[in-house]
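Let me begin by presenting the structure, written as structure tokens, before commenting on it.
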Amino acid sequence: MAAFLRSKCPSVGRTLMGSLGNSLFGAANSSVGAVTRPSHCDAISQQIRTFIQMRTNLKVVDNSGAKRVMCIQSLRGKKGARLGDTIIGSVKEAQPRGKVKKGDVVYGVVVRAAMKKGRSDGSEIQFDDNAIVLVNNKGELIGTRVFGPVPHELRKKKHLKILALAEHIV
């Protein structure tokens with residue numbers, strides 16, 4: 001759920017977020033180009049993070065009633081979706097009395113992606129999970145709340161309503 005927190009294995013390294021990352025972890029780890037030692041959990045924590053593509057399971061972070069959605073199609077291009085892109089998905093798990101039901105085909109906007117995204121100031125943002133907010137085919141939100149952090153890159157993609165409802169903007 002964290003955007004710029006450490007990895008699960010402390011000896012592997014951390015995701016830097018510009019100068020903010022250096023101030024969070026103290027002067028002992030202040031060198032940006034530090035080489036990390038390989039450990040026994042490298043294969044688990046350093047897996048390759050790719051685009052959100054077909055058959056990717058995503059967490060739903062609004063109160064629309066869905067819990068988990070599987071991506072059917074990315075509306076961005078052939079490779080897949082990134083932060084702020086719209087996808088079409090199928091609801092795999094849903095709450096009993098929600099606005100959407102299991103098996104419904106829905107549109108969603110990607111608000112968290114496990115793939116690293118470079119920013120214009122040189123920092124990188126990476127989330128621990130893949131998450132979406134459900135929207136209708138006109139782009140209006142289905143839910144009325146957005147849980148967890150969302151990146152400010154959604155402003156460039158014209159998803160201002162998601163940013164207005166978000167708990168925390170990273």
Side-chain angles (χ1 to χ4, degrees), residues 1-10 12 14-15 17 41-119 124-170:
M1 184 90 118
F4 50 85
L5 294 178
R6 294 168 252 174
S7 72
K8 293 179 183 174
C9 301
V12 174
R14 67 182 190 274
T15 302
M17 189 172 159
C41 59
D42 275 344
I44 297 169
S45 65
Q46 295 296 321
Q47 66 186 15
I48 297 172
R49 305 291 184 160
T50 60
F51 290 95
I52 293 169
Q53 54 196 353
M54 281 178 46
R55 300 184 59 84
T56 300
N57 285 312
L58 301 113
K59 183 179 178 182
V60 179
V61 292
D62 62 7
N63 61 348
S64 61
K67 292 181 181 178
R68 188 171 56 92
V69 169
M70 185 180 72
C71 178
I72 295 174
Q73 182 181 9
S74 168
L75 299 179
R76 179 176 189 264
K78 289 186 178 181
K79 279 190 174 180
R82 297 183 83 172
L83 285 175
D85 292 335
T86 304
I87 65 166
I88 300 174
S90 172
V91 178
K92 293 298 177 184
E93 289 180 29
Q95 294 173 346
R97 288 171 291 282
K99 295 177 186 173
V100 295
K101 305 291 184 233
K102 181 179 175 182
D104 287 352
V105 176
V106 293
Y107 287 83
V109 175
V110 179
V111 293
R112 292 201 294 259
M115 183 177 176
K116 283 186 182 178
K117 169 102 168 93
R119 289 186 166 172
E124 292 178 334
I125 186 162
Q126 179 182 14
F127 292 96
D128 292 339
D129 59 349
N130 296 318
I132 64 168
V133 171
L134 297 185
V135 296
N136 60 13
N137 54 2
K138 296 178 185 174
E140 301 163 351
L141 294 176
I142 294 175
T144 57
R145 296 177 66 196
V146 177
F147 305 112
V150 296
H152 72 268
E153 280 87 358
L154 295 178
R155 189 176 310 276
K156 293 178 185 174
K157 302 272 184 147
K158 307 290 189 234
H159 299 296
L160 299 176
K161 184 70 174 175
I162 296 172
L163 288 171
L165 294 176
E167 290 178 349
H168 189 278
I169 298 172
V170 180

Would you say [atom1] of [X] has more than 12 non-hydrogen atoms from neighbouring residues, nucleotides or ligands within 6.0 angstrom?
{"X": "Lys102", "atom1": "NZ", "value": "no"}
{"X": "Lys101", "atom1": "NZ", "value": "yes"}
{"X": "Lys99", "atom1": "NZ", "value": "yes"}
{"X": "Met54", "atom1": "CE", "value": "no"}

Return the [atom1] to [atom2] distance between [X] and [Y], rounded to the nearest 0.5 Å.
{"X": "Ser90", "Y": "Arg55", "atom1": "OG", "atom2": "CZ", "answer": "10.5 Å"}
{"X": "Ile87", "Y": "Met70", "atom1": "CD1", "atom2": "CE", "answer": "10.5 Å"}
{"X": "Arg82", "Y": "Met115", "atom1": "CZ", "atom2": "CE", "answer": "4.0 Å"}
{"X": "Leu154", "Y": "Leu83", "atom1": "CG", "atom2": "CG", "answer": "7.0 Å"}

Checking the side chain of [X] only, and the main-chain atoms of [Y] only, is there a donor and an acceptor separated by less than 3.5 Å?
{"X": "Asp104", "Y": "Val106", "value": "no"}
{"X": "Glu124", "Y": "Lys117", "value": "no"}
{"X": "Lys158", "Y": "Arg155", "value": "no"}
{"X": "Asp62", "Y": "Ile142", "value": "no"}
{"X": "Arg112", "Y": "Asp128", "value": "no"}
{"X": "His152", "Y": "Val170", "value": "yes"}
{"X": "Glu167", "Y": "Phe147", "value": "no"}

Which heavy atom in [X] sits nearest to a heavy atom in [Y], and how many Å separate them?
{"X": "Asn57", "Y": "Asn130", "value": "O-CB, 4.4 Å"}
{"X": "Gly108", "Y": "Ile132", "value": "CA-CD1, 4.2 Å"}
{"X": "Ala131", "Y": "Val61", "value": "CB-CG1, 3.7 Å"}
{"X": "Val111", "Y": "Phe127", "value": "O-CE1, 4.2 Å"}
{"X": "Lys79", "Y": "Phe51", "value": "CD-CE1, 3.6 Å"}
{"X": "Ile52", "Y": "Ala113", "value": "CD1-CB, 4.3 Å"}

Less than 4.5 Å apart, side chain to side chain, heavy atoms only: is that true for Leu58 and Cys71?
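Yes, their side chains come closer than 4.5 Å.
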For a 4.5 angstrom cut-off between non-hydrogen side-chain atoms, does Leu141 reach Ile162?
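In short, these two side chains touch, coming nearer than 4.5 Å.
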Salt bridge (Lys or Arg N to Asp or Glu O under 4.0 Å) evaluation trace for Lys67 with Glu93
CA-CA 5 Å; Lys67 292 181 181 178; Glu93 289 180 29; 5.3 Å; no
For a side-chain contact (heavy atoms from CB on, under 4.5 Å) with Val100, tell me which candidate from Leu134, Val60, Val69, Val105 qualifies.
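Of the listed options, the one satisfying the test is Leu134.
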Quiz question: by atom type and distance under 3.5 Å, do the side chains of Arg145 and Asn63 form a donor-acceptor pair?
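Their side chains do not contain a donor-acceptor pair, so the 3.5 Å distance test is not met.
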